[in-house]
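A short worksheet on the structure shown next.
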Amino acid sequence: MKHYDILVVGSGPAGSAAAITAAKAGLSVGVVDKASFPRAKLCGGLITGRSAKALDHVFGLTLDPDLFYRSTHIRFLSDGTLLSEITDAPDMYLTQRWDFDAELHKRAIAAGVTAYLGQPFRDVDLAAHTVTLRNGTTLGYRCLIGADGVSSPVAKALFGQAYNPRTIGFGFEVEAPHDHPKSSAVEVDFSATDWGYGWSFPKPSSQTIGVGGVQSRSPNMASAMTRFVNQTGADTHGAKRKGHFLPFGDFSKTPGKGAVLLAGDAAGLVDPITGEGIALAIESGQLAAKAAIDALHAKAPKTAYRRYKRALRPIHRSLSHARRWRWMIFPKATQPAFIAAFTQGSSMPRRYLDLLAGRLEYSDLHGIYLRKLPKAAMALLRKRFS
Ligand SMILES: Cc1cc2nc3c(=O)[nH]c(=O)nc-3n(C[C@H](O)[C@H](O)[C@H](O)COP(=O)(O)OP(=O)(O)OC[C@H]3O[C@@H](n4cnc5c(N)ncnc54)[C@H](O)[C@@H]3O)c2cc1C
């Protein structure tokens, strides 16, 4: 049986980040994935400034135009009505996860990680520190990192379920093929569905159109998706619509136990408002690896979880702030005031972009929004009674 200092399950952005970090620190690292790369992953593929920073920091990856389509143009909408348009936004990059994840996985392998591909994780023996794959292969570990996505079998093995079905998010997407993007504009519609939003992302050979939100609060998401696709005017004839869960604000308070850590979607680390998960997947994968490395250096693998939980505190704090923020954006009663604040001048949309770029935190946004609110409420009252 092969033994690894650190065994990672899942080689998406979180798993590859954990694996490359641990391998670069000189540890023996194995990574298991049920897929072989390249593989499909339903995702808008929007790489924000925050993701770009994490990619550079963890993978040394610069955003090559072959893999990343750059846009500085964004349109914010509400039910198809333009709220605000910015043509000099901070850089946003659009990529296809098929190529993107394969590149990250390749970099982890180049750093010395051993891969077990095409083999799903079957179970873990926490007492023996072993993982068994579906083909019967058994691998030993000192620390285990579950980076196996929203339906995480590692989280299920630890806690019986990977996510809470009452709070989980869901997203639909379709790729509308084209020869050239008609426009470089990234579009976000805040009213495309209840407790969620719609997006249209331009890419060199297709337009990714999607609608996502909190599943239990957005029961008509499938018809919202049809409406939104029609709104974009894209030709999706023959293109397949797909759906996938996403932990949209559903982060886990206990992302691990002893020598087992959960990272990325497996730990529910997706922004509760923007739905962005790639940056947090990379950041948490790296933090999980660092916590495991420190625990192994201290010859105390079981302290890995305590170390990781401490390192995750700023991310958890920020996600908690964002979850409170959702009550100002998504409910039918408060959304009109948010929309009104968003349309006044350009300061709110720019703050939203600063947030995506990782230049601002949700805690900074509170004061700005609250200052805008009285004006927005007055504008709303004027509109209602004129
Ligand atoms: C519709 C939609 C649109 C999105 N758009 C964006 C966006 O534009 N920008 C953004 O930043 N985020 C977006 N997200 C979120 C983003 O996709 C995730 O947050 C991100 O992929 C999380 O990375 P991860 O490495 O944690 O998990 P994943 O990327 O899901 O990787 C998990 C890996 O684990 C493997 N795995 C699963 N089960 C097993 C098993 N049993 N055994 C072994 N391996 C296993 C999988 O094959 C996979 O390779 C979107 C999500 C959805 C659903």
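Starting from 1, each residue takes its place in the sequence as its number. Counting convention: from 1, in listed order, for ligands and their atoms alike.
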*Tell me whether the centres of the aromatic rings in Tyr93 and Phe100 are closer together than 6.0 Å.*
no
*Number the atoms of ligand 1 from 1 as they appear, then name those within less than 4.0 Å of a heavy atom of Gly10, with their elements.*
33 (C), 34 (O), 35 (C)
*Identify the two heavy atoms, one from Ile282 and one from Ala17, that lie closest to each other, and give their separation to 0.1 Å.*
O-CB, 3.6 Å
*Tell me which protein heavy atom sits closest to atom 19 (O) of ligand 1, plus the residue, atom name and distance to 0.1 Å.*
Asp265 OD1, 2.7 Å
*Please write down residue, atom name and distance for the protein heavy atom closest to atom 5 (N) of ligand 1.*
Gly44 N, 2.9 Å
*Can Arg326 be said to sit on top of Phe248's aromatic six-ring, NZ or CZ under 6.0 Å from centre and within 45° of the ring axis?*
yes
*asked:* Students should be able to answer this: which protein heavy-atom is nearest to atom 49 (O) of ligand 1, and at what distance?
replied: Asp33 OD2, 2.6 Å
*Examine Lys253 relative to Phe251 and say whether NZ or CZ is less than 6.0 Å from the centre of the six-membered ring and inside a 45° cone about the ring axis.*
yes
*Side chain or backbone of Pro153 under 4.0 Å from ligand 1, or both, or neither, by non-hydrogen atoms?*
side chain
*Just go through Gly171, Gly146, Cys43, Ala263 and tell me whose heavy atom is the nearest to atom 13 (C) of ligand 1.*
Cys43
*Which option, Ala281, Ser36, Pro247, Ser152, owns the non-hydrogen atom nearest atom 23 (O) of ligand 1?*
Ala281
*Would you call Glu85 and Arg75 a salt bridge, taking side-chain N to carboxylate O under 4.0 Å as the test?*
yes
*Considering distance alone, does some N or O of Gly45 sit under 3.5 Å from an N or O of ligand 1?*
yes
*Can a non-hydrogen atom of Gly210 be found less than 4.0 Å from any atom of ligand 1?*
no
*asked:* Can you tell me if Lys106 has over 12 outside heavy atoms packed within less than 6.0 Å of its NZ?
replied: no
*Given Arg306, which of Lys302, Lys309, Arg310 fulfils the side chain to side chain contact (heavy atoms under 4.5 Å, CB included) condition?*
Arg310
*Number the atoms of ligand 1 from 1 as they appear, then name those within less than 4.0 Å of a heavy atom of Gly12, with their elements.*
25 (O), 31 (O), 33 (C), 49 (O)
*Under 4.0 Å from any heavy atom of Glu173, which atoms of ligand 1 are there?*
1 (C), 3 (C)
*Look at atom 9 (N) of ligand 1 and say which protein heavy atom is nearest, naming residue and atom and giving the distance to 0.1 Å.*
Leu46 O, 3.1 Å
*Indicate, as side chain, backbone, both or neither, the part of Phe201 found under 4.0 angstrom from ligand 1 when only non-hydrogen atoms are considered.*
side chain
*Of the listed options Arg97, Glu276, Lys156, closest to atom 16 (C) of ligand 1 (non-hydrogen atoms)*: Arg97
*Starting from atom 25 (O) of ligand 1, which protein heavy atom do you reach first, and at what distance in Å?*
Ala14 N, 2.9 Å
*For atom 12 (N) of ligand 1, which protein heavy atom lies nearest, and how many Å away is it?*
Gly277 N, 3.0 Å
_Applying side-chain contact (heavy atoms from CB on, under 4.5 Å) to Lys290 and Thr21, what does each step give before you reach the verdict?_
CA-CA 7 Å; Lys290 284 187 171 169; Thr21 303; 4.2 Å; yes
*May I ask you to check if ligand 1 and Phe172 share an N or O to N or O distance below 3.5 Å?*
no
*Heavy-atom nearest neighbour in the protein, as seen from atom 40 (C) of ligand 1, with distance rounded to 0.1 Å*: Phe121 N, 3.8 Å
*Should Trp199 be listed as contacting ligand 1, given a heavy-atom distance under 4.0 Å as the test?*
yes
*Check the pair Ser28, Lys2 against side-chain contact (heavy atoms from CB on, under 4.5 Å), reporting the backbone distance first and the verdict last.*
CA-CA 10 Å; Ser28 65; Lys2 284 289 286 181; over 6 Å; no
*Residue and atom name of the nearest protein heavy atom (relative to atom 37 (C) of ligand 1), distance in Å to one decimal*: Asp148 O, 3.3 Å
*Compare Arg39, Lys242, Lys34 and give the one whose heavy atom is closest to atom 36 (N) of ligand 1.*
Lys34
*Please assess Arg166 against Asp250 for the test salt bridge (charged side-chain N to carboxylate O under 4.0 Å, His left out), listing each intermediate value before the final yes or no.*
CA-CA 10 Å; Arg166 283 181 292 116; Asp250 196 34; over 6 Å; no
*Could you tell me which atoms of ligand 1, counted from 1 in the order shown, lie closer than 4.0 angstrom to a heavy atom of Gly275?*
12 (N), 13 (C), 14 (N), 15 (C)
*Taking all atoms of both residues into account, what is the closest heavy-atom pair of Asp235 and Pro177, and its distance?*
O-CD, 4.2 Å
_Restricting to non-hydrogen atoms, name the atom on Thr193 and the atom on Ser218 that form the minimum distance, rounded to 0.1 Å._
OG1-OG, 2.5 Å
*Flag the pair Phe172 / Phe228 as yes when their ring centroid distance falls below 6.0 Å, and as no otherwise.*
no
*Between Arg317 and Glu361, is there a side-chain N and carboxylate O pair less than 4.0 Å apart?*
no
_ring pair (Phe, Tyr, Trp, His ring centres under 6.0 Å), paired with Phe190, selected from Tyr352, Phe330, Tyr197_ = Tyr352
*Parallel, tilted or perpendicular: which fits the ring planes of Tyr116 and Tyr4, with parallel below 30° and perpendicular above 60°?*
perpendicular
_Out of all atoms in ligand 1, which are within 4.0 Å of some heavy atom of Gly149? Include the element for each._
27 (O), 30 (O), 32 (C)
*With atoms numbered from 1 as shown, which atoms in ligand 1 lie under 4.0 angstrom from a non-hydrogen atom of Lys41?*
17 (O), 21 (O), 29 (O), 30 (O)
*Considering only heavy atoms of Gly264, which atoms of ligand 1 have at least one such atom less than 4.0 Å away?*
26 (O)
_At under 4.0 Å between heavy atoms, is it the side chain or the backbone of Val270 that contacts ligand 1, or both, or neither?_
side chain
*How does Ala147 reach ligand 1, if at all, at less than 4.0 Å between non-hydrogen atoms: by side chain, backbone, both, or neither?*
backbone
